[in-house]
Amino acid sequence: MSDVNAGDLRIIEHADDVIETYEGVANNAKTGIEVELAFINPESEDLTPMSISQNKALKNATNSACGGDFARNEPTSEMLEIGSIAGDENQLRAIMQNAQNNINCLSDKAVDLGLKRSYFQHLPDKTAAQLLENVMDVARYQAFFAPPRDDMKAVAAYFSVCKSNQVSISYKNHDHLLKNIRRLYTLSPFLFQITDNAAPFNEGKSFSGHAGMYHRAALTGRGGVPKYLYSAQSGEEYIEDHINHVMNNPLFVYYNTNGELIRLPSGQWESFNTLRDKGLNTATNYYFSESILWPDVKIAALKNDDVVIGHRYEARMFGVGLHQHQSALLITAALAFDEAFAQSVDELLKEQGFDLSTPSSLKDPLSKAYEAAQNHRLQFLNIAYGNASMREFARKFALLLENSALMSEYSEELEPILMICRTGLTDSKINHLLFPSLEGAKKFQRSYDSTIFKNPNQNAAQLFQNELKHHESALASYANAV
């Protein structure tokens, strides 16, 4: 979750006061990735999540042993996030290797401390209430969620239960921003599905849909798909609408002139615009308001020494597992930096019933696609996506991705996601087959060899190929369901 400079007291009167930070970086566009990882105490009777003291010890040990500050806190104690270096389109392998090294370092240090990374992207047996008992003692997390306001409990549940990969792109210009954001939103139901690595449980109960999408729905107007995605006719218009969104975003906390967070009682709200009456329309509160917009493709600040110098877009719909950080980076980078591939994806989307050239026409089919993905009822890719099946779209998408000029050097890294697209066997589908009971999922959490994560060039179907021989009938039934 993005932090802000609490001491930036510059007064922001108009959009013109911040508009330059949205200009883009021209030919200096870069990308990077953040990965959220959950940890448990594998020897404890109930697989107790990592505690606050263990979190601090693991974070400090990791950053000390491997250099830098790439291990970072998230709201609740069971989770730490690693960040990669940023690089351009010719440095994707270096970014992936850096991310993998950081994941390995964090996971190895966890083992040293008697902890273990969760195999699943979430902790399938833990409730939001249980996780929120251990909010990290970071000022903003304490103000947000310790405890959550009555009208923010569902939002707090999302931030405690769900984990994800996020890929950032420092966009070239306004049009590059809008084209990619609109394309990513339209692809979101598909990308949510092909990278999901959840067990078929949510907060300790059986769950037949996409748990991450279910919890994200609680974000309402500060999450999901902003309505101006369907109306903006240019990148400039989209940015203007975004700035207006920021200035009117309902705030449940805000900063005073002493850099202190002021938490409002349940049912009471401010916004950047209403804070003008208190003389608190500061740069701090503007960028804070922006930071607590959490749509599936977020516009977020780029900073240098706590000073906002630009903006990036952040694709936030990717799951966490063996290959997901690599798959997410390669897909997002190919869409951003390989224009021929991006155009071919736009054409494929149009065939599927999503015409990006007429944005107002996207709302109905995209809303239906989100609904189908969130509530897939254990059908995974065998669901509707536009005017055809997601499974059919996935096969065609795989061929385009494989033939992307930018992706020509990454055949091994792409293999897991290409296989998922061609077979429909997402990691979450495999989890459903192999772990039909919560006790079975917990037993695996306790016993599996966490060194499997050192090889990111595999998916769950490849990892469990021997175990899947006992499920040939179910696999055949799924394959023939298209």
> Please list all pairs meeting salt bridge (Lys or Arg N to Asp or Glu O under 4.0 Å) that have one or both residues in residues 55-64, counting only residues at least two apart or in different chains.
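For residues 55-64: Lys56-Asp137.
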> When you compare the side chains of Thr282 and Thr284, does any donor N or O come within less than 3.5 Å of an acceptor on the partner?
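Per modelled atom types, Thr282 and Thr284 side chains form no pair under 3.5 Å.
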> Report the residues that fulfil salt bridge (Lys or Arg N to Asp or Glu O under 4.0 Å) with Arg222, sequence neighbours left out, ordered by chain and then residue number.
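So Arg222 forms no salt bridge (Lys or Arg N to Asp or Glu O under 4.0 Å) with any residue.
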> Begin with the C-alpha distance, continue with both residues' side-chain angles, and end with the deciding distance and a verdict on side chain to side chain donor-acceptor pair (under 3.5 Å) for Asp355 and Ser361.
CA-CA 7 Å; Asp355 187 352; Ser361 71; 5.4 Å; no
> Holding to side chain to side chain donor-acceptor pair (under 3.5 Å), I want the full list of residues that pass it with Ser164, two or more places apart in sequence or in another chain.
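Ser164: side chain to side chain donor-acceptor pair (under 3.5 Å) contacts with Gln166.
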> Who passes side-chain contact (heavy atoms from CB on, under 4.5 Å) against Pro456, sequence neighbours left out?
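With neighbours one apart ignored, the set is Gln100, His325, Gln326.
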> For the residue pair Glu347 / Gln343, report whether a side-chain donor-acceptor contact shorter than 3.5 Å exists.
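Checked: Gln343/Glu347 side chains show no N/O donor-acceptor pair below 3.5 Å.
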> Among residues two or more places apart or on two chains, list those pairs meeting salt bridge (Lys or Arg N to Asp or Glu O under 4.0 Å) that have a residue in residues 88-103.
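Those involving residues 88-103 are Arg93-Glu413.
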> Do Asp306 and Lys303 meet the salt-bridge criterion of a basic N to acidic O distance under 4.0 Å?
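Salt bridge between Lys303 and Asp306, a charged N being under 4.0 Å from a carboxylate O: no.
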> With sequence neighbours left out, write down each residue that passes salt bridge (Lys or Arg N to Asp or Glu O under 4.0 Å) with Asp364, or none if nothing qualifies.
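Scan of Asp364 (salt bridge (Lys or Arg N to Asp or Glu O under 4.0 Å), adjacent residues dropped) gives Lys368.
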> Not counting sequence neighbours, which residues clear side-chain contact (heavy atoms from CB on, under 4.5 Å) with Lys227? List them please.
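Once residues adjacent in sequence are excluded, Lys227 has no partner under the side-chain contact (heavy atoms from CB on, under 4.5 Å) criterion.
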> Residues in side-chain contact (heavy atoms from CB on, under 4.5 Å) with Ser408, at least two apart?
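Scan of Ser408 (side-chain contact (heavy atoms from CB on, under 4.5 Å), adjacent residues dropped) gives none.
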> Without swapping roles, check the side chain of Glu237 against the backbone of Gln233 for a donor-acceptor pair under 3.5 Å.
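The answer is yes, because a donor-acceptor pair under 3.5 Å joins these two groups.
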> Compute the ring centroids of Trp294 and Tyr158, then answer whether they are less than 6.0 Å apart.
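No.
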> With distance as the sole criterion, is a donor-acceptor pair present between the side chains of Asp296 and Ser188 under 3.5 Å?
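Judged by distance alone, the side chains do not pair up.
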> With salt bridge (Lys or Arg N to Asp or Glu O under 4.0 Å) as the criterion, how do Asp346 and Arg182 come out once you've worked through the C-alpha distance, each side chain's angles and the decisive distance to 0.1 Å?
CA-CA 10 Å; Asp346 291 352; Arg182 186 167 280 152; over 6 Å; no
> With no hydrogens and no angle check, do the side chains of Asn459 and Glu415 hold a donor and an acceptor under 3.5 Å apart?
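No donor-acceptor contact under 3.5 Å links the two side chains.
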> Side-chain contact test, heavy atoms from C-beta onward, threshold under 4.5 Å: evaluate it for His242 versus Glu290 and give yes or no.
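In contact.
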> Once salt bridge (Lys or Arg N to Asp or Glu O under 4.0 Å) is applied, do any residues pair with Lys153, and if so which ones, sequence neighbours excluded?
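Listed in chain order: Asp150.
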> Side chains of Asn101 and Gln97: is there a donor and an acceptor less than 3.5 Å apart?
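Per modelled atom types, Asn101 and Gln97 side chains form a pair under 3.5 Å.
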> Find out whether Leu251 and Leu264 are in side-chain contact, i.e. whether some heavy atom of one side chain is under 4.5 Å from a heavy atom of the other.
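A side-chain contact is absent here, since even the closest heavy-atom pair is not under 4.5 Å.
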> Less than 4.5 Å apart, any side-chain heavy atom of Leu187 and any of Met317?
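No. Closest side-chain heavy atoms not under 4.5 Å.
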> In chain order, what residues pass the side-chain contact (heavy atoms from CB on, under 4.5 Å) check against Ser231, with sequence neighbours excluded?
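Ser231 satisfies side-chain contact (heavy atoms from CB on, under 4.5 Å) with Tyr228, Asp241 only.
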> Going by the rule salt bridge (Lys or Arg N to Asp or Glu O under 4.0 Å), which residues pair with Asp175 if we only count those two or more places apart in sequence or in a different chain?
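Testing Asp175 for salt bridge (Lys or Arg N to Asp or Glu O under 4.0 Å), a comparison that skips the adjacent residues, returns none.
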> Would you say that Phe318 contacts Gln324 through its side chain, given a criterion of any heavy-atom pair below 4.5 Å between the two side chains?
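The answer is no; the side chains never approach within 4.5 Å.
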> So do the side chains of Leu400 and Phe341 get within less than 4.5 Å of each other, counting heavy atoms only?
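Leu400 vs Phe341: side chains touch.
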> Glu78 and Lys163: salt bridge (Lys or Arg N to Asp or Glu O under 4.0 Å), yes or no, with the steps?
CA-CA 11 Å; Glu78 85 290 347; Lys163 323 301 187 233; 2.6 Å; yes
> Compute whether any side-chain donor of one residue and acceptor of the other, for Asp427 and His323, lie under 3.5 angstrom apart.
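Yes.
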> Tell me, which pairs form a salt bridge (Lys or Arg N to Asp or Glu O under 4.0 Å) where one or both residues lie in residues 249-271, sequence neighbours left out?
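Counting only pairs at least two positions apart or across chains, the salt bridge (Lys or Arg N to Asp or Glu O under 4.0 Å) contacts touching residues 249-271 are Glu270-Lys278.
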